[in-house]
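Position 1 is the first residue of the sequence, and the numbers go up from there. None of the values given here were measured: they were computed from a predicted structure. The figures that follow rest on heavy atoms only: side chains count, while hydrogens, waters and symmetry mates do not.
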Amino acid sequence: MLRPAVLLLLAALSAAALADPPPEPKVERTVAEDDQVRIEELKVRGEAKKVTVKNKLTKAPDYEIVVKDAGGESAGGTGTGLPKSGSGSRVWNVFKF
């Protein structure tokens with residue numbers, strides 16, 4: 001009586017092991033550009049992960065907008081767990097390695 005149950009359990013486990021792996025996340029790269037700036041955006045699964053702003057007219061350094069995580073405290077948050085206003089904070093890379 002125990003053997004059919006064990007065989008059924010093994011069949012169920014092997015079917016789960018042979019199931020297709022989850023699909024790769026959808027990655028989108030968009031570029032918006034005009035005479036003054038170039039904005040490059042990286043989205044993964046429809047959520048913005050990285051936004052880079054490059055100035056064309058002046059020698060001002062490029063900067064990145066750190067987008068706050070939808071599930072947690074805002075990027076560069078206050079440490080109190082309270083969200084900051086706005087959608088992100090600017091970050092300038094001082095040194096490039």
So CD of E47 and CD of E28: to nearest 0.5 Å the spacing works out to 12.5 Å
Rounded to the nearest 0.5 angstrom, the CG-NZ distance for L42 and K49 is 9.0 Å
Residue pair R29, E40: steps toward the salt bridge (Lys or Arg N to Asp or Glu O under 4.0 Å) verdict: CA-CA 7 Å; R29 296 180 193 274; E40 299 173 356; over 6 Å; no
Residues N55 and Q36: closest non-hydrogen pair is OD1-O, 3.2 Å
Next on the checklist: Could you go through V53 and D62, starting from their C-alpha distance and side-chain angles, then the distance that decides it, and tell me whether this counts as side chain to side chain contact (heavy atoms under 4.5 Å, CB included)?
Outcome noted: CA-CA 6 Å; V53 180; D62 302 345; over 6 Å; no
For V67 and A48 the tightest heavy-atom approach is CG1-O, 3.7 Å
- Query: With a 4.5 Å limit on heavy-atom distance, are the side chains of V51 and I39 in contact?
  - Reply: yes
When every non-hydrogen atom of R38 is compared with those of V31, the smallest separation belongs to CZ-CG1, 3.7 Å
Would you indicate whether the side-chain heavy atoms of K56 and E33 approach each other to under 4.5 Å?
-> yes
Worksheet item: Cluster question for you: counting only ILVMFWY and a side-chain heavy-atom cut-off of under 4.5 Å, with indirect links fine, are I65 and V37 together?
Response: yes
_Within the supplied structure, the quantity of interest is the number of heavy atoms (other residues, nucleotides, ligands) at a distance under 6.0 Å from K50 NZ; does it exceed 12?_
no
